[in-house]
There are 2 protein chains.
Amino acid sequence: MLSFTEENYLKSLFQLTVESNEKVEAGTNEIAAHLGVKPASANDMLKKLKDKKLIHYEKYGKSTLTKEGRKYALEIVRKHRLWETFLYEKLEFSWDEVHEVAEQLEHIQSKKLIDKLDKFLNYPEVDPHGDAIPNAKGELEISQRKSLLEEEIGHACKMVGVKDNSAAFLQYVDSIGLSINQIIRIKAREEFDDLLEIEVNGKKNRVSPKFAENIIITCSECNRLRKN
Amino acid sequence: MLSFTEENYLKSLFQLTVESNEKVEAGTNEIAAHLGVKPASANDMLKKLKDKKLIHYEKYGKSTLTKEGRKYALEIVRKHRLWETFLYEKLEFSWDEVHEVAEQLEHIQSKKLIDKLDKFLNYPEVDPHGDAIPNAKGELEISQRKSLLEEEIGHACKMVGVKDNSAAFLQYVDSIGLSINQIIRIKAREEFDDLLEIEVNGKKNRVSPKFAENIIITCSECNRLRKN
DNA sequence: TATAATTGTTAGGCTAATCTAACAAATTTA
DNA sequence: TAAATTTGTTAGATTAGCCTAACAATTATA
Ligand SMILES: [Mn+2]
Ligand SMILES: [Mn+2]
Ligand SMILES: [Mn+2]
Ligand SMILES: [Mn+2]
């Protein structure tokens with residue numbers, strides 16, 4: 001049985017590697033920053049998790065999850081996202097409130113609880129932020145995702161999530177009329193300042209590259225091409 | 001903010017005093033036994049909780065909750081019993097499975113979560129074991145309860161709870177056809193060995209005093225008398 | 001009421017998870 | 001490639017919560 005803290009380290013490493021588009025391994029400082037602890041603390045824990053064969057770690061090297069570590073991480077991610085879905089769908093929590101509470105609920109230990117919750121929610125595939133929920137076998141559907149910034153001009157895509165989960169950003173997103181499953185069409189990119197002109201529900205908006213980078217989308221037009 | 005452990009001590013003290021029929025204060029060894037720790041550990045914590053003004057404690061004396069401590073204890077009890085109700089009513093948990101998981105869920109910190117859960121469950125008054133659930137203001141309805149052992153011969157009473165929460169006992173209870181809100185009629189008391197003859201759903205059974213002592217009931221016949 | 005049994009306390013240690021401060025390795029930059 | 005910067009490690013301390021072993025106070029019993 002893993003401690004609350006060990007679980008949080010595995011989840012962080014999962015997010016920084018498996019679920020990251022840029023990297024497949026993470027450095028000690030990076031992990032520490034992600035968890036809000038000092039590098040010395042993270043270093044201690046990395047050695048401990050290596051001893052438990054949950055991560056690959058070598059002195060002065062980058063870290064990754066072992067198969068076993070990934071299994072645990074997926075369980076935590078599954079719990080986190082199912083609880084978020086529960087709070088959103090059943091308890092009238094708003095989009096930007098669910099994460100904080102799910103950070104606690106994800107550590108409740110009961111196989112039966114999480115499988116019954118899954119059933120109660122009718123086996124949802126994505127959480128309120130559009131992130132995929134691992135199934136009971138720990139399989140995570142990897143859909144072809146990218147940020148709005150990377151989308152082709154002229155394409156219509158579907159918003160499936162966000163990268164930044166801060167309440168401030170989520171409220172900004174709401175204010176533009178964006179939400180999960182919303183269709184976004186890229187009209188143009190402004191040469192002068194790189195702002196993207198997008199259309200949401202027939203309404204035009206200009207968004208910054210920083211904003212666009214934090215909106216996750218899938219594009220069926222691009223996916224179709226990619227298949228070949 | 002109280003720690004997980006501090007919360008458990010307050011809850012134990014609540015159960016051993018406020019919710020006990022025998023005593024209104026608890027000794028160090030008793031508290032330790034209830035929590036499954038050594039008296040030395042409990043002693044440390046009692047001193048700490050006294051410093052925080054959550055309990056009344058004097059060296060070599062018995063302990064009780066302060067007003068402030070009772071407030072926290074009631075919150076934890078409220079959360080515990082609401083979660084038990086959720087597991088039982090919404091997730092198809094059985095009567096004897098809910099307690100263990102609720103021991104974990106009772107420590108989740110979110111005022112909004114628990115109030116929304118209360119609403120979702122339609123403001124239940126008792127948990128699956130028949131124990132009263134404190135309301136959002138921390139008020140606990142004290143109904144006139146006693147054990148089956150104390151009931152008058154000839155009276156019909158209603159089962160509202162159990163004292164022993166062990167899975168073994170709960171399964172025994174089930175096997176006799178007993179459950180919450182079940183009507184029990186006391187037919188007779190056997191002079192020879194003190195067994196109680198009861199009738200449940202038209203079926204007769206003999207139960208031991210030890211068994212009867214662990215079944216909590218209310219009796220409207222007795223209550224009516226008591227009102228005057 | 002003296003002795004025995006019970007109950008409660010203290011001192012000193014242990015572990016998990018954190019920190020700071022000093023240092024060492026690796027990488028970047030000039 | 002040497003120096004500077006960044007990144008990672010170590011040693012030593014701290015805190016919460018627990019333990020054992022020794023002891024002290026209280027209560028029950030002879
Ligand atoms: Mn989240
Ligand atoms: Mn967490
Ligand atoms: Mn319970
Ligand atoms: Mn608890």
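Because the structure is a prediction, the values reported are computed rather than measured. To find a chain, count down the sequence lines: A is the first, B the second, and so on, and within it residues start at 1. For the numbers below, each heavy atom of this structure counts, side chains included, while hydrogens, waters and symmetry mates do not.
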Student: Grab the CG-C1' distance between B/Leu2 and D/dA16 for me, whole Å please.
Tutor: 14 Å
Student: Is the phosphate of D/dT9 approached by A/Thr28 (side-chain N or O, under 4.0 Å from OP1 or OP2)?
Tutor: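 It does, given that an N or O in the side chain of A/Thr28 lies less than 4.0 Å from OP1 or OP2 of D/dT9.
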Student: Begin from the C-alpha positions of A/Glu84 and A/His80 and carry the test side-chain hydrogen bond (donor to acceptor under 3.5 Å, both in side chains) through to its verdict.
Tutor: CA-CA 6 Å; A/Glu84 284 191 341; A/His80 181 98; 2.8 Å; yes
Student: OP1 or OP2 of D/dG8 less than 4.0 angstrom from a side-chain nitrogen or oxygen of A/Lys62, does that happen here?
Tutor: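 Yes, within the criterion.
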Student: Expressed as a whole number of angstroms, how long is the span from B/Glu30:CD to C/dT6:C1'?
Tutor: 14 Å
Student: Assign the ring pair B/Phe211 / B/Tyr172 to parallel, tilted or perpendicular, where the plane angle (0 to 90°) is split at 30° and 60°.
Tutor: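 Rings of B/Phe211 and B/Tyr172: perpendicular, over 60°.
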Student: Which residues pass the side-chain contact (heavy atoms from CB on, under 4.5 Å) test with B/Asn165, not counting sequence neighbours?
Tutor: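 Result, side-chain contact (heavy atoms from CB on, under 4.5 Å) vs B/Asn165: B/His129, B/Val162.
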Student: Report the distance from atom NZ of B/Lys47 to atom P of D/dA16, rounded to the nearest whole Å.
Tutor: 14 Å
Student: Between A/Asn8 (CG) and C/dA16 (P), how many Å, whole number?
Tutor: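 Atom-to-atom, A/Asn8 to C/dA16, this comes out as 17 Å.
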Student: Using OP1 and OP2 only, check whether a side-chain N or O of B/Asn29 sits under 4.0 Å from C/dG8.
Tutor: yes
Student: Expressed as a whole number of angstroms, how long is the span from B/Asp51:CG to D/dA16:C1'?
Tutor: 14 Å
Student: Does B/Tyr9 place a side-chain N or O at less than 4.0 Å from the phosphate oxygens OP1/OP2 of D/dA16?
Tutor: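 Result: no.
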Student: Which whole-number value in Å describes the distance from A/Ile31 CD1 to D/dG8 P?
Tutor: 8 Å
Student: Regarding B/His34 and B/Glu30, do their side chains bring together a donor and an acceptor under 3.5 Å, going by distance alone?
Tutor: no
Student: Can you measure B/Phe4 atom CZ to C/dA16 atom P for me and round it to whole angstrom units?
Tutor: 18 Å
Student: According to a strict under-4.0 Å criterion, is B/Asn43 in side-chain N/O contact with OP1 or OP2 of C/dT9?
Tutor: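 Answer is yes, contact under 4.0 Å.
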Student: Regarding A/Gln15 and A/Ser12, do their side chains bring together a donor and an acceptor under 3.5 Å, going by distance alone?
Tutor: no
Student: Examine B/Lys112 relative to A/Phe93 and say whether NZ or CZ is less than 6.0 Å from the centre of the six-membered ring and inside a 45° cone about the ring axis.
Tutor: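 Yes, B/Lys112 lies over the aromatic ring of A/Phe93.
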Student: Nucleotides 19-24 of chain D: which of its N/O atoms have a protein N/O under 3.5 Å away?
Tutor:
unit_1 : atom_1 : unit_2  : atom_2 : d
D/dC19 : OP2    : B/Lys38 : N      : 2.9
D/dC19 : OP2    : B/Ser41 : OG     : 2.5

Student: Give a yes or no on this: more than 12 heavy atoms of other residues, nucleotides or ligands lie within 6.0 Å of atom CD of B/Glu58.
Tutor: no
Student: What is the distance, rounded to the nearest whole Å, between atom CD of A/Glu25 and atom C1' of D/dG8?
Tutor: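 Rounding to the nearest Å, CD of A/Glu25 and C1' of D/dG8 are 14 Å apart.
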